Each structure stands twice: as structure tokens, then as C-alpha cells.
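Computed from a prediction, not measured in an experiment: that's the story for all the values here.
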Amino acid sequence: MSNHLHSDEFLLSTPLLLNPQNNNMNELRNEEEGLSNPSSSINESNTNEQLMELAASFDNNDTSSPSHSKYSPINLLSFCKRRTIEHYNNISLSELSGSLGDLGTFIPLTVALARERKIALAPALFWAGVSNIITGYTWDVPMCVQPMKSISAVALTDTNGSGNVGLDAQSVTTAGILTGGAVLLLGVTNLIEIVNWIVPLTVVCGLQIGVGIRLASKGMTDIQNLPWGGGYDCIGMAVACALLSMFWLRDSGSQKDKKKQEQAKTDSEGNTRNDVMATTGANSATSSDEDVFQENDNVEMGKVLNNSHQLETTTSLNPHSSVSTTAHTNETFDFAASSAPSSTPRQQKHYLRKVWSRACCCLNPFPKTPHPVGIYLFLIGCIFAAVTLATAGPDSGYDLPLYFFGAPVAINAMKGVTSMSWWNGFLQGALPQLPLTTLNSVISVCCLAHTLYPDKRDPALEEKHRTDAVITRREVSISVGLMNLILVPLGSMPNCHGAGGLAGQHRFGARTGTSVVILGVGKVLLAIFLGGSALTLLDALPIAVLSIMIAIAGLELVSTGVKVLFECVQKEKEKIMKQQGNESVNGKAILQKNATVAMVTAAVIISLKKTHYGALSGWVVHMIYGDGFRNFVVWIKKKRAARS
């Protein structure tokens, strides 16, 4: 590493080097030359090479210098600046829509826990938003932050507040801390890889299918409990949202439509090129007549004459269009002679058409970009929530009027914790939650990210045929552990990463970590400015809209599980063909074997509503019916051969 740059100079230069679109590289090189040695005569190429070498050493986390170690503040600050620039460039309607993809799961659980006084809503929202922001900066995928479902479900069963059934607020806190500590231990010691080695990929597919169907059925059950009419939050509204969602989420067209779009794009590029040539000729033709236009007080006549010169030049460049050009020129002069207003009827019609297309963009069957379904559904929910709060009476049950601030965003959640709270938190909270977190929030979510974002895989991990080449299982385990160990004592609810939330955000348009940062900023602002009224605002959102969002997220997780299952079958078929050296492989038998393991896993999860029961059942079927026992015997033989 070149040692002619000091640490503060490196801090100033690194963010510019990391931005490939920087247009001030020459100024940067001059500044670096002046800072390093004002009297030096280093040429421009050598300085550029030194700066590029410096940037490369930073990207590779060069630890040869104590001031530029891997965990130095310089690296952290430069990383945050670079990620902030990337997030700014990635902001789009698709990312904003995707950030709302897991609200169908987050809002009902959070509101229910806050209503039962198991969590404080303002700190829970604030620290969930902070977790979202940190997650979005750490990974470039829409990794969601959701409440731990098993702990939430057990806590909500304590309806009487007796503490004998379910969990009270103190036990929820201890359950989150214990679960986070256990998952952190699995990540730090890398024991999570042993769990992943024991659980086959077909069982993971069954987990995704089972959890996805449970999410979808949860949304449909909530819709079933609504009335058919009598208000806007009813089954009819849910059906309307479902039909609109199917229209928005459908494929924008077949290959024929895509070819038409590509052809139209090519034609438009050709027309644009001709227009540029015509405009260039028109400018040269009209430059000699500038005095005439300056003396002319009629601006519209000047525009018309300018258009006529352009049309004449276009005719000279394209003689085949002389007839249409002449006709258009006559129409133009006729309009100028009639002393029309500043905008023509054709222009007004074009403007109205443009406004109408903007207003009805949600009805476009072939959009250039996917519809932001999350934004559409969330806006529908917000409109009806605003109507509900505006027309609510004194007996409505809502805490009105709304007020700003007034709620702390950090509290001492350990207050009142006893030894019994630790015992109940471990027995009823952490013990059933740990298998669900390990399987669904670590192993399954890493496999899902590996499937959804193949362009973001680490080549070194992909060569090892790992299913966590995008985000490693160890990273996710450490993230879940630290998130609960540090933030739960400050008032955060027990949180984790979930495959359902990732699938939902991806389905609604999220492709990068920018969507998670947007969601986190929204949660933080809501907790700070409207923390005292956040429960009222979230509770006013229609259940019909939230249930549809839950169902969409669940179905996306199911489709991903089925896709991964077929990929497993294809890989196993190719492996057998490579080993046997022939093409006569019974693919149906392989599909039946793998599908049986996955379907048994999913069936147990759906029927018993226990994720770890389903994983255990699928593992037993894999060992007996599948290739589990056979693979275990082969592994034992290889170990013995290696020792001998």
C-alpha cells in the first residue's frame, strides 16, 4: 500500500474512487498530488495507478497497516457512504412496493401483541426499523425483519394475563434473549452447518411449501371471518383486492408481446435518430434567418416557421414522405393564419391523454415495469383507514385525536424480570421457537435468497455447491442472535429473518436492500413522530387488504419451494446420469421420491401447525423412504477408507 496518503486523505478519496460514475477524477488526482508532496512531479498515470492500488487494497480489506484494518472506522464510514450512494441510485417504485411486501405479517402480529400489552409499540417499531436499516446496509437483498411467530403465538394465548398459560411481557423478553443467544452460538461456532448437513434440501422445500400454505390459509381464514357487507372491510373488498392483485401480478405478456415491445423500441430508436438528423439540418437552415425571427413579435408564428423549416429539411432527407410533409405544412400555416390560442387542440388532446395514462397506470395491461402492487394495496388500505378515523365517533374504540411524540422509543424491558420469567421464557418461548428460527429463519431463507438472486452468488461458494452463496447461514445466525441479544432488552420485540417475508418482498418488486432501508426509515419515523398513536393508525388498516398481502406472500413462498424441488430432482437426475454414463434414468421415480419427502413435511406443518414437527417427520421419511440411510452408509465407508 502506498504510504504517501494519510488516513484522513484516504477517507476523503475512497468514496470518490468507489463511485465509477465520478466525473471529477482529474481534480481528485491533482488534489492527491498536492496533498502528498506539493513539490513532486509525479505524472498523471503513476498517480492514477497508486490511487487504484489504494482502492483495491481497501476493497480487499488490507490489514497490513494498523490504521486501515478491516474493522477500522475508516472502512466502516467509507462502506456506509458507498452503500448510501447505492441505495440512492436504487430508489424506484418497485423497491418502494417491495418494502411493503411483509406488512401483512408484521402489522397483525405487532398490533395484537401491543393490544395485549406484551410489547410496547413505539420501541418495537423503532428497533424493528433500526434492524431493517442495518440489514439493508449489510446485505444487498430484501432481507425482512419479522416478529418470531412461535413466541408471538404463545404470548397471545395468555388472554387472561394469569401467567400460567402463555407468556407475559417479561417472559416474552427473556424468550427473545434466550433464542437470540442460542442462535448466535450456532452461528459463531458454525454449528449451523451441522444442522444444515442433517436437514436435506427436500425437507427445506417442504418447509417452504408448508409455511407458505399456512401463511396463505391464515390470510384466507381472516377474510372468512369478515362479513359479506355492512362496511368496506368485508369479504367483497377482499375479493376485489384479490382480483386486482392477480391482474397486477400477472406476467406482462407472452413472448409475442415481448417481441412486439422490442420491435417498437427498435423503431423508436430509428425514428429518434432520423429526428436528430432532421433537427440538425433545420438548425443550419434557420440560422441565417435569425434577424427575421427577432423582428417578428408573433412568437407562435416563429414556432410555425421553425417547424416549416424542419419539415422541409426532413423532406429533403426523406423524399418518400414529401406528400405527408406537405399536407402537414399546409395544416400548420392554416392554423397560424387563423390566430389560434397558444396550445393546439392536438396538443391539448395529447396532454389530456398523458394525464389520463398517468392516473390509470394501474390499469395498464402491458407496463414497461412491473406494477408496484404493494404500493397499490397499501394506498387502498390507507385511504379506507383515513375514512375510518375521520368518521369515528367517541364510542368507536380508537384513541382519538392523534397526537405527535409522547412515546419513548427505548425502555428498560428487563424491569420486573424474575427467575420464573426466565424459566417460562425458556420452556414456552425459546424451546419451540429455536427449531423454527434455525430452519425457517436461517436455512430456508438462505436457500431462498440463493434461488431468487443467482446473479448475486459468491463464485467461491457456488463452486462448492453450497445453497447459501448469496447470504451465508453463519451471517444470518449471527444477525438474528445480535439483533435479539442487544435490542430486546431495550424494548424490541423478538425478531428474526423469515423466508415468507423475503418471498413477499420479492413478489412485490424488491430486488435490493434498498427496499428494507425504506421500510426501516418508515418504521423509525412512525415511532418517533406518531409513537403514541401508532397503534390507532395500524389498527385502522382494513383486515381485508392485509389478509390479501399475507396470502400473496404465502403463495410466493409455495411457488419458490416447488421450483427448488424440481431443481433438486433435475440435479439428482444429472448426477445419476454422470455416474452411470447412460441416459436411461427414471426421472418420475426420482420426482416421486423427493416429492414424497417434501409433501410429508408440508402436510405435518399444515395439519399440526408445528414447523419443527414437520421438519422431523420429513427427515424420518428421507432416511427411510428416500436416500438418507444409503447416503449415511456411503459417508461412513468414505470416512473409514480415509482413516485407513
Report the distance from atom [atom1] of [X] to atom [atom2] of [Y], rounding to the nearest 0.5 Å.
X      : Y      : atom1 : atom2 : value
Leu487 : Ser492 : CG    : OG    : 5.5 Å
Asn594 : Cys205 : CG    : SG    : 8.5 Å
Asn132 : Ser515 : CG    : OG    : 9.0 Å
Ser477 : Ile192 : OG    : CD1   : 4.0 Å
Ile543 : Asn225 : CD1   : CG    : 8.5 Å
Cys446 : Asn196 : SG    : CG    : 8.5 Å

**OP:** Using the side chain to side chain contact (heavy atoms under 4.5 Å, CB included) rule, take His87 and Thr512 through it: C-alpha gap first, then chi angles, then the decisive distance, then the call.
**Re:** CA-CA 9 Å; His87 289 316; Thr512 64; 5.6 Å; no
Non-hydrogen atoms of [X] and [Y] that approach each other most closely:
X      : Y      : value
Val141 : Val516 : O-CG2, 4.2 Å
Ser99  : Ile518 : OG-CG2, 4.1 Å
Met493 : Ile119 : CE-CD1, 3.8 Å
Leu109 : Ser152 : CD2-CB, 4.2 Å
His506 : Arg511 : O-NH1, 2.7 Å
Ile177 : Leu485 : O-CD2, 3.5 Å

[X] side chain near [Y] side chain, heavy-atom distance below 4.5 Å:
X      : Y      : answer
Leu439 : Val203 : no
Cys568 : Lys571 : no
Tyr453 : Asp140 : no
Asp102 : Leu519 : yes
Tyr613 : Ser607 : no
His612 : Leu434 : no
Lys218 : Thr221 : no
Trp139 : Val476 : yes

Subject >> Passing option when Ile548 is tested against Leu244, Val373, Ile223 for side chain to side chain contact (heavy atoms under 4.5 Å, CB included) >> reply: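 With Ile548 as partner, Leu244, Val373, Ile223 yield a single side chain to side chain contact (heavy atoms under 4.5 Å, CB included), made by Ile223.
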**OP:** Go through Ser217 and Ile606 one step at a time and tell me if the side chain to side chain contact (heavy atoms under 4.5 Å, CB included) criterion holds.
**Re:** CA-CA 9 Å; Ser217 62; Ile606 296 169; 5.9 Å; no
Subject >> Qualifying residue, where the test is salt bridge (Lys or Arg N to Asp or Glu O under 4.0 Å) with Glu193 and the options are Lys464, Arg474, Arg466 >> reply: Arg466
Original post:
Are Glu86 and Arg82 within salt-bridge range, i.e. N to O under 4.0 Å?
Top reply: yes
Does any N or O in the side chain of [X] come within less than 3.5 Å of the main-chain N or O of [Y], such that one atom is a donor and the other an acceptor?
X      : Y      : value
Ser441 : His497 : yes
Lys523 : Ala128 : no
Thr110 : Ile107 : no
Arg83  : Tyr137 : yes
Asp233 : Ala544 : yes
Thr472 : Glu475 : yes
Gln433 : Ser150 : yes
Ser97  : Phe508 : yes

Checking side-chain polar atoms at under 3.5 Å, does [X] have a donor or acceptor matched by the opposite partner on [Y]?
X      : Y      : answer
Thr560 : Gln208 : no
Tyr88  : Thr514 : no
Arg473 : Thr467 : yes

**OP:** Test Ile552 against Leu377 for side chain to side chain contact (heavy atoms under 4.5 Å, CB included), laying out the working first.
**Re:** CA-CA 11 Å; Ile552 292 174; Leu377 293 177; 4.2 Å; yes
For [X], is the [atom1] atom crowded, meaning more than 12 foreign heavy atoms sit under 6.0 Å from it?
X      : atom1 : result
Lys456 : NZ    : yes
Phe404 : CZ    : no
Glu462 : CD    : yes

**OP:** Any chance you could lay out the side chain to side chain contact (heavy atoms under 4.5 Å, CB included) test for Met148 and Val480, step after step, and finish with the verdict?
**Re:** CA-CA 11 Å; Met148 291 186 176; Val480 173; 4.3 Å; yes
